Amino acid sequence: MRAEPVHFNGARHTGNRSVLMNQNSQETKDRLYRIRHSLAHVCAQAVLEHYPQARLGFGPPTEDGFYYDFDFNGAPPQEKDLPRLEETMRRIIAARQPFTRTELQAPEALAKAAALRQNYKTLQIENLRAKGETCFSFYDNGPFSDLCEGPHVAHTGELPAKAFHLDHIAGAYWLGSERNKMLTRIYACAFESDAELAEHLRRRELARERDHKKLGKELELFTFSPMVGKGLPLWLPNGCVIRDCIEQYAREMEFRYGYQRVATPHITRAELYVRSQHLPAYKESMFPPMVIEDRGEDGVVTGSEEYYLKPMNCPHHHMIYAHRPVSYRELPMRLAEYGTCYRFEQSGELNGLLRVRSLCMNDAHIYLAEDQVKEEFRLLLKMYGEFYATFGLKDYRYRLSLRGTENREKFRGSDEMWDRAERILREVLEETAHPFDTGIGEAAFYGPKLDVQFKNLLGREETVSTIQIDFLGPENFDLNYTAPDGQPKRPVIIHRAPLSTHERFISFLIEAYGGAFPTWCAPLQVAIIPVREDVLGYARGIESELRNLGVRAEVDTSQNSFNKKIRSNLKLKIPNLLILGDKERDSGAVTWRRYGEEGQEQLASATFRERLLEEIRARQRRVPANS
RNA sequence: GCCGCCAUAGCUCAGUCGGUAGAGCAUAUCUUUCGUAAAGAUAAGGUCCUCGGUUCAAAUCCGAGUGGCGGCUCCA
């Protein structure tokens with residue numbers, strides 16, 4: 001057998017939605033892995049019982065259960081049919097069928113797959129044989145047999161009869177390629193005990209409660225209109241406050257780190273993107289061009305120009321860099337812009353704010369000499385850490401994304417360029433002791449990148465932001481600076497976007513905070529609730545004092561009862577409630593109730609103002625008790 | 001783009017067998033001014049996503065389109 005574990009019925013895919021169990025970890029051979037792996041077989045067995053015409057694809061364990069892909073030949077089951085399959089699975093489990101392993105040479109293995117009429121297994125044997133595999137194992141239980149590496153439990157009676165749940169059905173391409181047939185994938189959750197399954201389902205339910213699409217609607221942060229177009233978010237006043245606060249923070253941080261702000265238009269002539277190589281590489285992902293025709297006096301078209309909505313800010317920034325000769329003394333030159341870009345993402349990929357067609361990027365390009373790259377990278381890692389600490393985001397890791405061996409043509413530029421860039425990235429990470437892992441084939445077309453991978457509520461990883469080294473852009477645009485010896489030299493470019501896009505970053509924050517934003521970036525910072533009508537004047541006074549200081553405070557002047565006012569402001573997750581009644585008015589005080597915290601505090605209104613302003617100035621985040 | 005599911009009031013949803021629609025919340029008006037998670041009454045609110053088909057009759061059945069959701073593929 002080969003040293004690297006072969007996964008006969010485990011699909012190789014890198015999709016980040018259904019995370020496969022790590023095959024190389026110690027978990028690999030453990031009990032849960034065997035249970036999930038064996039349940040996948042039992043699932044396929046049940047499917048064949050109900051759908052004899054079905055053909056089996058891959059069926060690997062995943063982070064929370066397993067899936068199995070089937071070709072149902074035109075008659076796939078629906079989700080309402082899943083309970084019936086579960087019942088059959090339980091019957092197979094009750095039958096305590098032993099799993100037996102058979103090892104076969106290629107000809108026998110192919111004969112067996114043919115006898116089982118499992119054409120996808122035949123293909124898999126052939127694929128593995130082409131890679132040098134000579135020995136193939138099958139696992140049999142009862143009437144069922146499947147090409148599989150194992151391991152499995154001893155018999156089906158060891159499988160938990162209730163701690164699994166056939167969850168949902170989705171399409172998935174054979175071998176993960178869109179050129180292949182779309183199979184039907186049955187997803188399942190599976191655990192060792194009923195309690196673990198219940199806990200998993202409960203956590204998933206909680207995550208759904210915090211879904212940014214749901215909270216975005218409830219808290220009136222953003223909306224979509226079919227009249228405007230799919231994937232084109234409309235930011236409502238509340239959501240726009242969050243954007244503005246984040247943007248203000250980025251401006252302050254970037255100013256401290258020596259960035260200069262620039263602004264560029266939303267449309268650009270095609271030439272710019274031809275030069276940058278974006279147009280050849282990403283034409284399919286760009287909105288089609290606007291064509292401006294030149295006409296002669298007789299109305300005949302004499303020529304035309306194409307304009308594109310910009311999918312990236314970088315080429316514009318390069319043109320700003322190039323508008324006059326640059327001295328080495330000016331480097332690193334850091335040009336920053338919260339730039340709005342438009343990308344024609346595939347319609348099926350659009351997802352709330354997470355994947356959109358118009359996005360506003362916390363973009364900057366740093367032009368510098370090659371010997372400055374390492375130091376700048378250290379600064380960047382420091383800045384990233386500061387940003388994420390402020391937002392209270394801790395669950396992230398760095399991924400060094402490199403070229404892959406497959407589709408080399410995607411990656412432009414010389415090998416020497418790539419090696420230099422990769423070496424610099426690796427060295428800085430090691431010298432600064434930032435733990436990281438590598439993602440082969442995840443690089444940008446112009447260079448390797450450092451991706452920041454955040455875990456969302458369901459434990460799935462999403463790339464939130466990146467740092468990229470680019471030796472290609474300076475070549476494409478013939479960018480230079482004047483070196484101390486008076487000669488022109490090529491700068492290097494670093495692309496970076498620590499706060500990602502407003503769309504993606506805020507969707508993360510909504511879910512991470514469960515909609516309860518810290519005071520500094522909350523749409524409404526202080527809700528003022530008068531206990532009775534005759535303290536309304538006092539409430540108004542407090543309100544205008546706060547508003548004059550730039551605090552977003554509002555008196556709840558609705559006709560609601562006092563209790564209802566408390567309730568409705570809590571539902572909106574307003575971080576600070578001020579309760580004002582006779583007691584407070586007579587002593588110039590306020591009663592301060594914070595969202596998500598037990599108890600409340602009565603204090604002089606001047607003291608409250610000071611403490612609140614300090615909290616906002618420092619961009620503090622108090623962690624609510626319930627999160 | 002591909003596979004599957006879904007679309008009823010601003011929101012969340014009910015609507016049986018085909019006989020042109022209901023609830024709660026929200027909104028408006030009136031009464032109530034209340035000390036920590038829902039005061040009371042009344043009113044208004046609908047192209048049952050759109051278009052086409054079947055039918056005496058369509059929210060309901062069929063087809064197409066649009067939009068959303070769960071995945072796959074893609075992601076500068």
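Scope of the values below: all heavy atoms of this structure, side chains included, with no hydrogens, waters or symmetry mates. Remember, it's a predicted structure, so these values are computed and weren't measured experimentally. Proteins get letters first, then strands, A, B, ... in listed order; numbering begins at 1 in each.
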So, under a plain 3.5 Å distance rule, would you say the side chain of A:E584 forms a donor-acceptor pair with the base of B:G35?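 Such a pair is found, so the answer is yes.
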
Expressed as a whole number of Å, how far does the [atom1] atom of [N] sit from that of [M]?
{"N": "B:C30", "M": "B:U66", "atom1": "P", "value": "47 Å"}
{"N": "B:U54", "M": "B:A64", "atom1": "C1'", "value": "15 Å"}
{"N": "B:C49", "M": "B:G10", "atom1": "P", "value": "12 Å"}
{"N": "B:U8", "M": "B:G40", "atom1": "P", "value": "29 Å"}
{"N": "B:U16", "M": "B:U60", "atom1": "C1'", "value": "11 Å"}

Remember a base hit wins even if backbone is also touched, and classify [X] as base, sugar-phosphate or nothing at under 4.0 Å, heavy atoms.
{"X": "A:D582", "value": "base"}
{"X": "A:R355", "value": "base"}
{"X": "A:A444", "value": "sugar-phosphate"}
{"X": "A:E220", "value": "nothing"}
{"X": "A:Q277", "value": "nothing"}
{"X": "A:K449", "value": "sugar-phosphate"}
{"X": "A:T591", "value": "base"}
{"X": "A:S285", "value": "base"}
{"X": "A:K583", "value": "base"}
{"X": "A:G229", "value": "nothing"}
{"X": "A:Q468", "value": "sugar-phosphate"}
{"X": "A:T184", "value": "nothing"}

Answer yes or no on whether A:R357 is positioned over the face of A:F344, meaning its NZ or CZ is under 6.0 Å from the six-membered ring centre and within 45° of the axis.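 Judged by the rule (NZ or CZ under 6.0 Å from the ring centre, within 45° of its axis), A:R357 counts as positioned above A:F344.
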
Under the 6.0 Å and 45° cation-pi test, does A:R179 pair with A:Y173?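 That pair does not qualify as a cation-pi contact.
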
Please name all residues satisfying side-chain contact (heavy atoms from CB on, under 4.5 Å) with A:Q78, sequence neighbours left out, ordered by chain then number.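 Listed in chain order: A:K80, A:D81.
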
For [X] and [N], give me the distance from atom [atom1] to atom [atom2], rounded to whole Å.
{"X": "A:N560", "N": "B:C25", "atom1": "CG", "atom2": "P", "answer": "12 Å"}
{"X": "A:R567", "N": "B:A26", "atom1": "CZ", "atom2": "C1'", "answer": "12 Å"}
{"X": "A:Y342", "N": "B:A76", "atom1": "OH", "atom2": "C1'", "answer": "17 Å"}
{"X": "A:M227", "N": "B:U66", "atom1": "CE", "atom2": "P", "answer": "16 Å"}
{"X": "A:I529", "N": "B:C34", "atom1": "CD1", "atom2": "P", "answer": "15 Å"}
{"X": "A:H168", "N": "B:G71", "atom1": "NE2", "atom2": "P", "answer": "5 Å"}
{"X": "A:L572", "N": "B:A38", "atom1": "CG", "atom2": "C1'", "answer": "14 Å"}
{"X": "A:K213", "N": "B:C69", "atom1": "NZ", "atom2": "P", "answer": "5 Å"}

Nearest-0.5 Å distance, NZ of residue A:K310 to OH of residue A:Y273: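 Those atoms lie 6.5 Å apart.
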
Separation between CG of A:L603 and CD of A:E584, rounded to the nearest 0.5 Å: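 Answer rounded to 0.5 Å: 10.0 Å.
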
Residues, nucleotides or ligands: over 12 heavy atoms within 6.0 Å of A:M319 CE: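 Counting other residues, nucleotides and ligands, CE of A:M319 stays at 12 neighbours or fewer.
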
For A:K564 and for A:A172, find the nucleotide of RNA chain B with the closest heavy atom, then tell me which residue's nucleotide is more 5'.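 It is A:K564, whose closest nucleotide lies nearer the 5' terminus.
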
If you pin A:V531 and A:L350 to their nearest nucleotides in RNA chain B, which one's is more 5'?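 Result: A:V531.
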
Might you work through the salt bridge (charged side-chain N to carboxylate O under 4.0 Å, His left out) test for A:E205 and A:R202, ending with a clear yes or no? CA-CA 5 Å; A:E205 198 47 47; A:R202 193 189 65 86; over 6 Å; no

For A:Y446 and B:A76, say yes or no: do the ring centres fall under 5.5 Å of each other while the ring planes differ by less than 30°?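 So A:Y446 does not count as stacking on the base.
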
